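Proteins come first, then strands; the chains are lettered A, B, ... in the order of their sequence lines, and each starts at number 1. Computed from a prediction, not measured in an experiment: that's the story for all the values here.
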Protein chains: 2
Amino acid sequence: MTIKEVCEKFDITPDTLRYYERVGVIPEVHRTKGGIRDFTDEDVAWVENAICMRSAGVPVEMLIEYVRLYQEGDGTFQARRDVLEEARQEVQKNIEKYQATLDRLNFKISRYDVAIKTGVLSWDDCKEE
Amino acid sequence: MTIKEVCEKFDITPDTLRYYERVGVIPEVHRTKGGIRDFTDEDVAWVENAICMRSAGVPVEMLIEYVRLYQEGDGTFQARRDVLEEARQEVQKNIEKYQATLDRLNFKISRYDVAIKTGVLSWDDCKEE
DNA sequence: TATTGACTTGGAGTTAACTCCAAGTTGTAG
DNA sequence: CTACAACTTGGAGTTAACTCCAAGTCAATA
C-alpha cells in the first residue's frame, strides 16, 4: 500500500505519516527496493492505532515510548501495559471533563433558547452570560 | 479578589489569566484605583467558564468570539447561541472519539493482562501490538 | 529513453496556547 | 518614609504537533 493510499484511508497528509515514522510514533515502514514506502497490513494497523490514540489526545511522546518498548521485545509486557494504563487514565479523565463542559453548554444553550423567544436572558443563579 | 486568589482557586498561573484578559477570552477585569486587578464575582464567573471550556478543548478563538458578541449587547442572542452550539458539537464529537479510544485501550490492556500471566501476547484478529 | 508526476530526505517554518522576562508601579509592614 | 513583595505592561520565547519546502530519486507512460 502506498503512502497516498494510507493517507486517503485515514484522511491525513503524507507529511504527518512521514513525521510519525521519523519520530517513532509508528515503527519503520516497509520499503520497495527503490526506498519508497510500501505499507504492509501491520504497518497500516500501527497507523490506525496511532491515529486513534492521537484523536483522543494521547501524546506523541507516549506513543513513541510504547513503540520503543514493543521493539525491545517480550520482556516489556508490563512496561507496555503501564504506558497503556497511563493513557487510559488520561483519556478517562478527559471524558469526564468534556462531559462536564457538555452539560454546561447544554444549560447555556437552553437559556439562550428562552432568551431568543422572550428577548430576555434569564439570570437565575448564574452570574455570567 | 486578587489575581493570586483567583489563580489559587482555579489552579492556574497569573500569566494565563492576564493572557486570557489580554486576548479577550474574558472581558476586562475590574481594577483598583492603582490599576491592580480586583476580580468581582462576575469576573470570577467568566474565568470559571473560560477554564471549563478550555479544559474541554474549546478553542480560545471561540471564547473570544463569544465575549465579543456578549459585549455587543442583547441583539446577539442568536449569534451567541450559534457559537455555543458549534462548541457543543465539537465537544460531543470529541467525547465519542475519546470513548472509542478508551474502548481500544481497555481491550489492549486486557490482552496485556493475559500476556503478563501467560508470557504470550495473543494475536486474535488484531494485527498490531 | 525521455518526460512527468509521485516519492524521498533533512531541515526550516507554522500554529495555538501559553509562559517567561525586564523594567517599572503599587501597597503594606515596620 | 522606606523596604520589599506583589502587582503592572509589552513583548519575546517555548512547546507540541504538525506542515511546508527545496533538491533530488524513482517509476510508469509515450
Inset, instruction - May I have the distance from A:D38 (atom CG) to D:dA27 (atom C1'), rounded to whole angstrom? - result: 13 Å
Inset, instruction - Verify the contact: side-chain N or O of B:T32 to OP1 or OP2 of C:dG27, cut-off strictly under 4.0 Å; return yes or no. - result: yes
Legend entry - Atom-to-atom span, OH of B:Y19 to C1' of C:dC21 - whole angstrom: 18 Å
Inset, instruction - Using only heavy-atom distances, determine whether the side chains of A:E90 and A:N94 contain a donor-acceptor pair under 3.5 Å. - result: no
Legend entry - Residue of the set A:D15, A:T16, A:D11 for which side-chain hydrogen bond (donor to acceptor under 3.5 Å, both in side chains) holds with A:T13: A:T16
Inset, instruction - For the side chain of A:R31, starting at C-beta, report the closest nucleotide among D:dA17, C:dC18, C:dT9. - result: C:dT9
Legend entry - Between C1' of C:dG27 and NZ of B:K4, the distance in whole Å: 15 Å
Legend entry - N or O in side chain of A:R37 less than 4.0 angstrom from C:dA6 OP1/OP2: no
Legend entry - Side-chain donor-acceptor contact under 3.5 Å, B:D43 with B:T40: yes
Inset, instruction - Round to a whole Å and report the spacing from CD1 of A:I64 to C1' of D:dA17. - result: 10 Å
Legend entry - Interatomic distance where CD belongs to B:E21 and P belongs to D:dC7 [whole Å]: 14 Å
Inset, instruction - Kindly say if B:T16 contacts the phosphate of C:dA17, meaning a side-chain N or O under 4.0 Å from OP1 or OP2. - result: no
Legend entry - Gap between atoms CZ and C1', on B:R18 and C:dA17 respectively (whole Å): 16 Å
Inset, instruction - Measure from the side-chain heavy atoms of A:I36 and tell me the nearest of C:dC18, D:dC26, D:dC18. - result: D:dC26
Inset, instruction - Quickly work out the A:L63 CG to D:dA17 C1' distance and round it to whole Å. - result: 12 Å
Legend entry - Residue B:D15, side-chain atoms from C-beta onward, closest of C:dC21, D:dT19, D:dA27: C:dC21
Inset, instruction - Would you please say whether a donor-acceptor pair under 3.5 Å links the side chains of A:R80 and A:Y70? - result: no
Inset, instruction - When you get a sec, tell me which of D:dC7, C:dA17, C:dC7 is the closest nucleotide to the side chain of A:I3? - result: C:dC7
Inset, instruction - Would you indicate which nucleotide in C:dG11, C:dA17, D:dG11 comes nearest to any side-chain atom of B:R22? - result: D:dG11
